[in-house]
Engineer: 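There's a structure below that I have some questions on.
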Amino acid sequence: MQDLNSVFGLEGKVAVVTGGASGIGESVAEVLAQAGASVVVGDLNAEGAEATAKRLRESGAEAVAGGVDIANREEVNALVGLAESEFGGLDVLCNVAGMPHDGTLEELNDADFDRVVSVNIRGTLYGCQAAIPLMAARGGGSIINVSSGAIDLPVAGFGLYSLTKAAVAQMTHTLAQEVGDRGIRVNALAPGATITNFTKRRLKQPDGSINSEDFDQFIGSMESMSPIGRVGESVDQAWLVLYLASEASRFCTGQIWRANGGATTGR
């Protein structure tokens with residue numbers, strides 16, 4: 001019988017996590033570090049990325065941080081390159097960073113379209129492209145992209161975000177076919193309702209505060225979509241990432257994984 005710690009553990013592995021200053025990305029960085037990985041934390045918010053990396057180092061993990069606009073290929077290459085220069089290579093890439101967009105497709109303008117596509121589609125692709133040669137040099141690795149539950153449950157006024165995340169899902173399917181012969185697995189998350197600053201943005205008032213009644217109503221509406229009556233936390237997604245990063249998922253590639261409380265069951 002195999003030792004579960006060795007199957008799920010990431011000792012000796014190196015991971016890059018984008019969007020690591022907060023939310024799902026922050027939780028992913030923390031969980032991978034707890035599992036033994038050396039972690040490169042990237043975020044547009046460079047100070048936030050460094051704060052996450054500092055906490056990881058204080059807990060005994062190896063971690064460095066870098067500011068990155070994932071819509072910029074050179075910045076993505078530089079961030080992923082830290083895995084090799086600081087820790088000797090790359091085994092796991094978590095493309096978590098992304099941006100939302102609120103508004104109807106009918107009223108969508110070119111500037112918003114270009115920016116969201118550049119971040120959510122190009123940024124994910126740039127990360128994958130930068131990671132592949134480093135992973136191939138080590139005999140394989142695991143790429144974990146982040147799509148969205150919005151690909152399963154269309155919502156009016158959220159169309160641009162949904163179509164970019166659908167592109168991430170298809171990118172994942174295709175890339176898995178293209179790089180599998182180099183030992184690289186490619187999977188994606190399609191998170192359901194998960195409480196982060198990303199999901200709470202619509203509830204913020206002009207002064208930045210959130211009305212408690214509005215928040216409770218929001219939570220209630222999200223819970224009602226789940227057969228188990230739950231709303232996710234960022235760590236729920238991070239635990240799934242750990243599975244996909246580890247040897248436990250060695251037979252899993254090209255799939256879209258849904259930690260969503262069953263919200264899309266039967267759809």
Side-chain angles (χ1 to χ4, degrees), residues 18-19 21-25 43-45 68-73 75-76 95-129 144-175 188-211 213-226 231-232 234 237 255-267:
T18 67
S22 63
I24 292 174
D43 202 284
L44 187 62
N45 175 2
V68 60
D69 177 356
I70 64 168
N72 184 304
R73 182 188 291 276
E75 292 189 20
V76 174
N95 281 312
V96 182
M99 69 177 298
H101 180 269
D102 300 318
T104 66
L105 291 175
E106 178 184 5
E107 298 171 336
L108 179 61
N109 61 54
D110 288 348
D112 285 346
F113 179 86
D114 290 344
R115 179 58 181 163
V116 178
V117 166
S118 290
V119 171
N120 292 353
I121 300 179
R122 284 182 179 165
T124 301
L125 177 61
Y126 292 162
C128 294
Q129 290 176 324
I144 301 140
N145 297 322
V146 175
S147 179
S148 170
I151 69 173
D152 299 314
L153 201 61
V155 176
F158 215 42
L160 176 57
Y161 179 77
S162 299
L163 71 86
T164 62
K165 290 303 186 176
V168 169
Q170 188 58 43
M171 185 191 309
T172 298
H173 291 314
T174 303
L175 194 60
L189 307 188
T194 303
I195 304 304
T196 65
N197 288 335
F198 187 94
T199 54
K200 291 189 291 187
R201 71 190 187 284
R202 292 184 176 184
L203 303 176
K204 288 186 177 180
Q205 302 181 102
D207 64 358
S209 64
I210 295 178
N211 181 280
E213 292 184 2
D214 290 343
F215 182 72
D216 290 343
Q217 183 177 7
F218 171 73
I219 294 295
S221 66
M222 294 300 100
E223 289 175 339
S224 69
M225 297 172 64
S226 166
V231 173
S234 57
Q237 307 301 329
Q255 304 300 308
I256 311 302
W257 299 78
R258 294 163 170 84
N260 64 11
T264 58
T265 301
R267 294 181 183 275

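Since the model is a prediction, treat every value here as computed from it, not as a measurement.
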Engineer: Measure the OH-CG distance between Tyr126 and Asn72 for me, rounded to the nearest 0.5 Å.
Structural biologist: 8.0 Å
Engineer: Got Ile256 and Asp152 here, is their nearest side-chain heavy-atom distance under 4.5 Å?
Structural biologist: no
Engineer: What are the two closest non-hydrogen atoms of Ile151 and Ala166, and how far apart are they?
Structural biologist: CG2-N, 3.5 Å
Engineer: Which pair of non-hydrogen atoms, one from Met171 and one from Ile121, has the smallest distance, and what is that distance?
Structural biologist: CE-O, 3.6 Å
Engineer: What pair of heavy atoms forms the shortest contact from Ser148 to Tyr161, and how long is it?
Structural biologist: OG-CE2, 3.4 Å
Engineer: Is it true that a side-chain atom of Ser147 and a backbone atom of Lys165 form a donor plus acceptor pair closer than 3.5 Å?
Structural biologist: yes
Engineer: Got a donor-acceptor contact below 3.5 angstrom from the Ser162 side chain to the Pro154 backbone?
Structural biologist: no
Engineer: Would you indicate whether the side-chain heavy atoms of His101 and Asn120 approach each other to under 4.5 Å?
Structural biologist: no
Engineer: To the nearest 0.5 Å, what is the distance between CG (Leu44) and OG1 (Thr18)?
Structural biologist: 11.0 Å
Engineer: Strictly below 4.0 Å, N to O, side chains only: are Asp69 and Arg122 in salt-bridge contact?
Structural biologist: no
Engineer: For residues Gly192 and Gln237, report the shortest heavy-atom separation together with the two atoms involved.
Structural biologist: N-NE2, 4.1 Å
Engineer: Do you know which two heavy atoms are closest between Ala21 and Asp43, and how far apart they sit?
Structural biologist: N-OD2, 3.1 Å
Engineer: Tell me the salt bridge (charged side-chain N to carboxylate O under 4.0 Å, His left out) pairs involving residues 104-114, sequence neighbours left out?
Structural biologist: none
Engineer: Taking C-beta and beyond as the side chain, do Val168 and Val146 meet within less than 4.5 Å on heavy atoms?
Structural biologist: no
Engineer: Are a donor atom and an acceptor atom from the side chains of Thr124 and Asn145 found within less than 3.5 Å of each other?
Structural biologist: no
Engineer: Is the closest side-chain heavy-atom distance between Phe113 and Leu160 below 4.5 Å?
Structural biologist: yes
Engineer: Can you confirm whether Asn260 sits close enough to Leu153 that some side-chain heavy atom of one is under 4.5 Å from a side-chain heavy atom of the other?
Structural biologist: no
Engineer: Give me the atom names and distance for the closest heavy-atom approach of Thr172 to Ala188.
Structural biologist: OG1-CB, 3.5 Å
